[in-house]
Amino acid sequence: MCNEIYNFEAWINIVEPFPGESISHFLGRFERANLLTGYQIGKEAGVGAIVTRWKKLYLNPFPTQQELEALANFVEVATEKLKEMLPVKGMTMKPRPIKLCAACYAEQPYHRIEWQYKDKLKCDRHNLRLLTKCTNCQTPFPIPADWVEGKCSHCSLRFATMAKRQKPR
Ligand SMILES: [Zn+2]
Ligand SMILES: [Zn+2]
């Protein structure tokens with residue numbers, strides 16, 4: 001009899017969340033690190049296609065504790081860490097347009113969930129207006145899950161470079 005135990009979960013490449021990272025950006029990194037689609041992640045985690053909605057920052061209905069625990073278990077990140085990728089209670093979030101503080105991005109290249117707060121129009125750290133489209137060609141930013149190289153999908157201007165055109169407030 002073969003007693004070998006295959007632990008499939010051990011094959012997951014763990015992706016460490018960044019402080020304030022949005023769930024969309026995290027899921028994109030996890031997908032690429034593990035060569036999985038959002039659909040596959042949802043299936044493996046047992047929560048279904050809802051993961052593909054979270055990737056687009058469509059968080060209505062809001063993720064339940066049960067769903068977050070199931071996803072946390074699969075991606076091997078604490079449930080509390082996943083909750084930090086979602087808007088805090090009482091904050092209204094707008095999934096579109098995708099917003100960016102290019103100055104923040106130049107320091108740490110990832111999308112922050114707080115940029116999507118409805119009333120969030122500027123970055124408090126840099127005192128600069130958040131961008132909603134490319135400063136060169138005006139193309140809206142893609143969903144953060146697709147921010148692989150950190151540049152405009154149309155004209156290839158780097159997000160970090162856009163900081164020069166961010167207006168003070
Ligand atoms: Zn900033
Ligand atoms: Zn552009």
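Counting starts at 1 for both ligands and their atoms, following the listed order. Note that these values count all heavy atoms, side chains included, but never hydrogens, waters or copies made by symmetry.
- Using a 4.5 Å cut-off on side-chain heavy atoms (C-beta onward), Asn34 and Ile41 make no contact.
- Ring orientation note: the planes of Trp147 and Phe141 are nearly perpendicular, at an angle over 60° on the 30°/60° scale.
- Seen from the Zn ion (ligand 2), atom SG of Cys152 and atom SG of Cys155 lie 110° apart in angle, a value rounded to 10°.
- Taking the Zn ion (ligand 1) as the apex, the angle formed with SG of Cys101 and SG of Cys104 is 110°, to the nearest 10 degrees.
- A donor-acceptor pair under 3.5 Å links the side-chain atoms of Lys99 to the main chain of Lys120, judged by distance alone.
- For His154, every N, O or S atom stays at 2.8 Å or more from the Zn ion (ligand 2).
- Classification of the Phe74-Phe30 ring pair by plane angle, with boundaries at 30° and 60°, yields perpendicular.
- Minimum-distance N/O/S atom of His126 relative to the Zn ion (ligand 1): ND1.
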